[in-house]
Amino acid sequence: MKKISILFGLLALMFVSSCAERVIVNREVESKNDGKMLLGTQSLDQFRKEPYKTWFDEEYNRYQIDQPSLAELKKEKLNSYSLVVFVGSWCEDSHREFPRLIKILETLKYNTDKMQIIAVNRKKESPAGEEGLYNITRVPTIIVKKYGKEIGRITEMPETGFLEKDLLNILKKDNNSGLFK
């Protein structure tokens with residue numbers, strides 16, 4: 001009897017895993033107007049390959065991080081938050097802000113495994129429809145989450161002019177909203 005229940009358990013596991021949706025990572029499509037374009041879930045490595053590498057590296061190397069904000073971000077423990085980042089590989093705002101975000105995160109030694117990057121088309125759509133879950137209307141959109149719940153976002157460009165300052169404002173607002181402080 002024990003062998004039969006193990007067999008049924010294995011069969012059930014195989015059935016569930018075969019029905020699980022597979023996420024395609026690093027999808028690249030060709031567009032008449034935009035040439036190569038990233039679409040859907042992406043790894044950071046994709047942005048370090050041509051044709052994206054050109055604009056990514058240029059902005060990454062040029063950007064000067066606001067050091068006082070960076071020091072405060074370290075204190076606020078950005079590493080305890082996860083990020084969902086919607087970008088358009090065709091979008092000038094994404095070309096500017098996404099490399100800046102990555103430079104900030106790498107300087108902070110942020111664990112980028114806690115960041116999900118989703119590339120959208122010009123209609124702000126992704127293959128799996130994540131843009132609908134997050135109500136994405138413009139890119140880039142950087143969503144800061146804690147325990148799976150959104151606590152703030154930066155849409156298109158930072159209000160202060162610096163991503164690190166906007167991220168800091170989001171974290172400070174979250175850390176000051178606790179009931180037991």
Side-chain angles (χ1 to χ4, degrees), residues 20-27 38-49 52 56-57 59-89 91 93-120 124 126-181:
E21 185 179 328
R22 292 197 175 117
V23 176
I24 297 172
V25 179
N26 296 334
R27 180 180 296 176
L38 298 174
L39 199 56
T41 301
Q42 301 294 318
S43 68
L44 188 52
D45 294 343
Q46 279 299 96
F47 296 90
R48 295 201 163 106
K49 296 177 185 174
Y52 321 104
F56 183 91
D57 286 352
E59 189 60 39
Y60 184 98
N61 294 328
R62 177 178 30 195
Y63 188 61
Q64 298 296 312
I65 297 174
D66 180 67
Q67 292 303 317
S69 297
L70 190 73
E72 282 198 61
L73 265 177
K74 283 181 185 175
K75 290 179 197 170
E76 295 292 332
K77 296 183 172 75
L78 180 63
N79 279 309
S80 63
Y81 296 83
S82 60
L83 301 174
V84 180
V85 183
F86 285 86
V87 297
S89 58
C91 169
D93 291 333
S94 293
H95 290 188
R96 181 186 64 247
E97 301 302 336
F98 183 67
R100 291 176 178 188
L101 173 67
I102 299 308
K103 185 169 187 173
I104 293 162
L105 297 177
E106 288 179 347
T107 303
L108 288 170
K109 296 179 176 48
Y110 179 82
N111 178 2
T112 54
D113 290 341
K114 296 172 66 173
M115 175 177 61
Q116 182 181 14
I117 305 166
I118 302 166
V120 297
K124 318 303 183 294
S126 66
E130 299 97 338
E131 75 285 347
L133 296 172
Y134 292 100
N135 193 27
I136 300 302
T137 57
R138 292 180 282 164
V139 288
T141 296
I142 302 162
I143 299 168
V144 181
K145 296 172 75 175
K146 189 168 191 175
Y147 305 121
K149 183 180 180 216
E150 180 177 334
I151 61 153
R153 67 172 59 194
I154 301 166
T155 303
E156 209 166 24
M157 59 185 58
E159 291 176 7
T160 63
F162 293 91
L163 282 175
E164 54 275 36
K165 286 183 180 180
D166 278 24
L167 285 169
L168 183 59
N169 290 341
I170 290 170
L171 300 189
K172 281 185 170 183
K173 192 168 99 179
D174 179 58
N175 289 332
N176 290 332
S177 68
L179 297 174
F180 302 105
K181 297 216 174 201

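Nothing fancy with the numbering, it's 1 onward along the sequence. Note that the coordinates shown come from a computational prediction; the quantities given were computed from them, not determined experimentally.
Side-chain contact between Lys114 and Leu83 is absent, with no heavy atoms from C-beta onward closer than 4.5 Å. Within the 4.5 Å cutoff, side-chain heavy atoms of Thr155 are placed close to those of Thr141. You'll find the side chain of Lys124 stays beyond 4.5 Å of the side chain of Thr137, heavy atoms only. Side-chain contact between Pro158 and Lys165: absent, with no pair of heavy atoms (C-beta onward) separated by less than 4.5 Å. Between Ile117 and Thr112 the shortest side-chain heavy-atom distance does not fall below 4.5 Å. Annotation: side chain of Ile102 is in contact with side chain of Met115 (closest heavy-atom distance under 4.5 Å). Counting only heavy atoms from C-beta outward, the side chains of Leu38 and Val87 never approach each other to under 4.5 Å. Side chains of Ile104 and Leu73 form a contact here, defined as non-hydrogen atoms less than 4.5 Å apart.
Side chain of Asn26 to main chain of Ser43: a donor-acceptor pair is present (N/O by atom type, distance under 3.5 Å, no hydrogens or angles). Lys103 contributes a side-chain N or O that, together with a main-chain N or O of Tyr60, makes up a donor-acceptor pair within less than 3.5 Å. A donor-acceptor distance shorter than 3.5 angstrom exists from the side chain of Ser94 to the backbone of Gly88, with no hydrogens or angles considered. Between the side chain of His95 and the backbone N or O of Ser89 there is at least one donor-acceptor pair closer than 3.5 Å. Judged by distance alone, the side chain of Gln42 and the main-chain N or O of Arg27 form a donor-acceptor pair under 3.5 Å. Glu131 contributes a side-chain N or O that, together with a main-chain N or O of Ser126, makes up a donor-acceptor pair within less than 3.5 Å. Between the side chain of Glu164 and the backbone N or O of Leu70 there is no donor-acceptor pair closer than 3.5 Å.
Taking a cutoff of 4.0 Å between a charged side-chain nitrogen and a carboxylate oxygen, Arg96 and Asp93 qualify as a salt bridge. Salt bridge Glu106/Arg48: present, at least one basic N to carboxylate O contact under 4.0 Å.
In this structure Tyr52 satisfies the ring-ring contact (aromatic ring centres under 6.0 Å, His included) test with no other residue, sequence neighbours excluded. Shown here are the salt bridge (charged side-chain N to carboxylate O under 4.0 Å, His left out) partners of Arg153, two or more places apart in sequence or in another chain: Glu150.
One finds the OH atom of Tyr110 at 11.0 Å from the OH atom of Tyr81 (value rounded to the nearest 0.5 Å). Distance check, rounded to the nearest 0.5 Å: CG of Leu168 to NZ of Lys75 gives 10.0 Å. Here the NZ atom belonging to Lys173 is positioned 13.5 Å from the CD atom belonging to Glu76, to the nearest 0.5 angstrom. Between the NZ atom in Lys77 and the CG atom in Asn175 there is a gap of 9.0 Å [rounded to 0.5 Å]. Atom CD1 of Ile136 is separated from atom CD1 of Ile118 by 8.0 Å, given to the nearest 0.5 angstrom. Atom CZ of Arg100 and atom CD1 of Ile65 lie 11.0 Å apart (nearest 0.5 Å).
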Check step by step if side-chain contact (heavy atoms from CB on, under 4.5 Å) holds for Leu171 and Glu72.
CA-CA 10 Å; Leu171 300 189; Glu72 282 198 61; over 6 Å; no
Let's go through Leu163 and Phe98 carefully: what are the C-alpha distance in whole Å and the side-chain angles of both, what is the deciding distance for side-chain contact (heavy atoms from CB on, under 4.5 Å) to 0.1 Å, and is it a yes or a no?
CA-CA 10 Å; Leu163 282 175; Phe98 183 67; over 6 Å; no
